[in-house]
Structure formats: C-alpha cells, structure tokens
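Structure first, commentary second.
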2 protein chains.
Amino acid sequence: MSNPIFKLNGRVWIETGDEKVLGHGRVELLERIQASGSIRQAALQMKMSYKQAWDLVNHMNDGFGTPVVISQRGGKGGGKAIVTEHGLEVIKQFHLLHQKLQEFLKDNTELLKL
Amino acid sequence: MSNPIFKLNGRVWIETGDEKVLGHGRVELLERIQASGSIRQAALQMKMSYKQAWDLVNHMNDGFGTPVVISQRGGKGGGKAIVTEHGLEVIKQFHLLHQKLQEFLKDNTELLKL
DNA sequence: TTTCGTTATGTTTTTATTTATATAACGCAA
DNA sequence: TTGCGTTATATAAATAAAAACATAACGAAA
C-alpha cells in the first residue's frame, strides 16, 4: 500500500478560449441560487460578497451562450433569481464530471508510490 | 460532436493533510533546478523571486519526509542545488499522473454536451 | 584574505484581491 | 404613494498576496 499521509486531489473546470466559465465554486453558487431563489442569499450562505456572486453569475451568463441565471429586481420580496433549464443541465453535467474525477483520483491514489 | 468552444481542463496535486505539497508549478521548479543546478536560475527562468522559489523548495522538503532538493552555499560558483533521487522519483510519478489526467480530460471532453 | 555568486532569511514596499459601503432601480403590497 | 427587500452598479476601504530590497552566511578560488 502507498504511504497513507499522501493524498491525491484535483479539480476540473470548463473553459471557453482561455477563460474559466464553470468550476466547483460556481456550481455551488448556482445550486444555492436555485435553492434559495436569491443571489443575495446564496452569497451569504457561501460567505462571499453580493458583488462577487453577481459578477460570477454575470460571467457565467456571458460565457455560456444562453443564460444560466435569470434575475429580476423589485416585486414580491424585492426581487428574485432563478436558474434556467440550461443552468440545471450545466449543473448536472458538472456533477457527472466531478464524480468521474473522484473515481480517477481514487484509482490513482492507490497506485501512488512515494 | 460537442460544442467546440467549450474545453474541459483540470489539475491534480498531492496533499499531506490539508496542505498542498506538490503540483504542476512545483514540479516545473524541480525540473528547472535539476537542469540548472541552481534555485536562483530556476526562479529567474520561471519569473518568480528567489524567495518564493526557496520557500516552495523548503515547503516541499518539509512536506515529503525526505528532501527533494539539497542545496549548499559557498564554494565553486557561489553555491548549488541538486534534486535528490527521491525528488526525481516524485517528478516521474507526477508526470505519470499528469499524463493520465490529460487522457481523462480528453475522453470526457468528447462526452461533454453543453 | 579578498572576491565572487549563490544560498538563506528577514523586512519593506508594492500590487492585487477582497470586502465594505453607498446608492439607484425596481415592482409588489400595504 | 410609501415602504420593503432585492437586484444592479460604482466607489472606497481594508486585507492579503506578491514582489522588491537588503543583508548575512558560506566556501572555493584567485
């Protein structure tokens, strides 16, 4: 067996050109927006500023051809944000990738000899 | 085929506990130290400060049980640094992992439907 | 014993990033 | 039509990260 104190870890993400458009953190943000219906609440939960969350959402909407989040201000509750059908698909795809990566990491940790 | 503008990318690294001990950048540093015999030259090549390079080397030596770089000051040329046998092994292992990840990314990019 | 170029280390300065603050826009509901 | 809570956006303040700078230690070679 390999030395137990060493752990293999990794990340995957999706780029357009050279810009990162979707990764681990952004997916969590989308999920929390979906769950709460609010960019603000999602940001609070993840302990990031509203501005940062909004910038990320904006960047994702730009990066993907079709928006992943649609938001509106005013109205009941002051405003809201929803994850689009395309956004849900994106989340799903990323989860699949993430899961596959975990398998990859697990398999190769076992081969790791240091 | 999947949308050509989206690219899957990723990284792997090795941790001990929760601290990153080896990744893509550190491996390049080791290789350049090996090639030049100097931490300073390696740092210059990678456009990082000597301090930063030295800190990384130190951190790696701490992180792995046995040192990956041994350095000495003074003497012919002012000093030198060499990558240990263990360091070479570590580089080799990481390259293997990196190569496998590239295959993983390639395989899954083809499945990527966005 | 002086010079040289590097390792080793700490300190200071600068830059970049993050966070906080402020304010306008908005539309529903009271 | 006023208040409310959110989205949207810009600007300022605070933190963190990186780079630059300075300097000591070192030993071979001149």
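Residue numbers start from 1 in every chain, and the chains themselves are labelled A, B, ... in the order their sequence lines are given, proteins ahead of strands.
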Shared hydrophobic cluster, [X] / [Y] (ILVMFWY, side-chain heavy atoms < 4.5 Å):
X: L44(A); Y: Y50(A); answer: no
X: L88(B); Y: V27(B); answer: yes
X: L8(B); Y: W13(A); answer: no
X: M60(A); Y: I82(A); answer: no

Heteroatom pairs (N/O) under 3.5 angstrom, protein to nucleotides 2-5 of chain D:
unit_1: dG5(D); atom_1: N2; unit_2: G78(A); atom_2: O; d: 2.8

Side chain to side chain donor-acceptor pair (under 3.5 Å) test vs Q102(A) passes for just one of K106(A), K100(A), H98(A), namely H98(A)
When H24(B), R26(B), R32(B) are each screened for side chain to side chain donor-acceptor pair (under 3.5 Å) with E28(B), the one that passes is R32(B)
query: Would you call the rings of F64(B) and H86(B) parallel, tilted or perpendicular, where under 30° means parallel and over 60° means perpendicular?
result: perpendicular
Report the distance from atom [atom1] of [X] to atom [atom2] of [N], rounded to the nearest whole Å.
X: N58(A); N: dT9(D); atom1: CG; atom2: C1'; value: 10 Å
X: L56(A); N: dT7(D); atom1: CG; atom2: C1'; value: 16 Å
X: D55(B); N: dT11(C); atom1: CG; atom2: P; value: 14 Å
X: I82(B); N: dT6(C); atom1: CD1; atom2: P; value: 17 Å
X: Y50(B); N: dT11(C); atom1: OH; atom2: P; value: 17 Å

| For W54(A) and dA8(D), is the shortest distance between a side-chain N/O and OP1 or OP2 below 4.0 Å? | yes
So, OP1 or OP2 of dT6(D): does either fall under 4.0 Å of a side-chain N or O from S71(A)? no
Are there any protein N/O atoms within less than 3.5 Å of an N/O atom in nucleotides 14-19 of chain C, and if so, which ones and at what distance?
unit_1: dT19(C); atom_1: OP2; unit_2: Q52(A); atom_2: OE1; d: 3.0

Counting only heavy atoms from other residues, nucleotides and ligands, does the tally under 6.0 Å from NZ of K20(A) exceed 12?
yes
Between K76(B) and Q72(A), the residue closer to the 5' end of DNA chain D by nearest nucleotide is Q72(A)
dist I91(B):CD1 -> I33(B):CD1 (nearest 0.5 Å) comes out at 9.0 Å
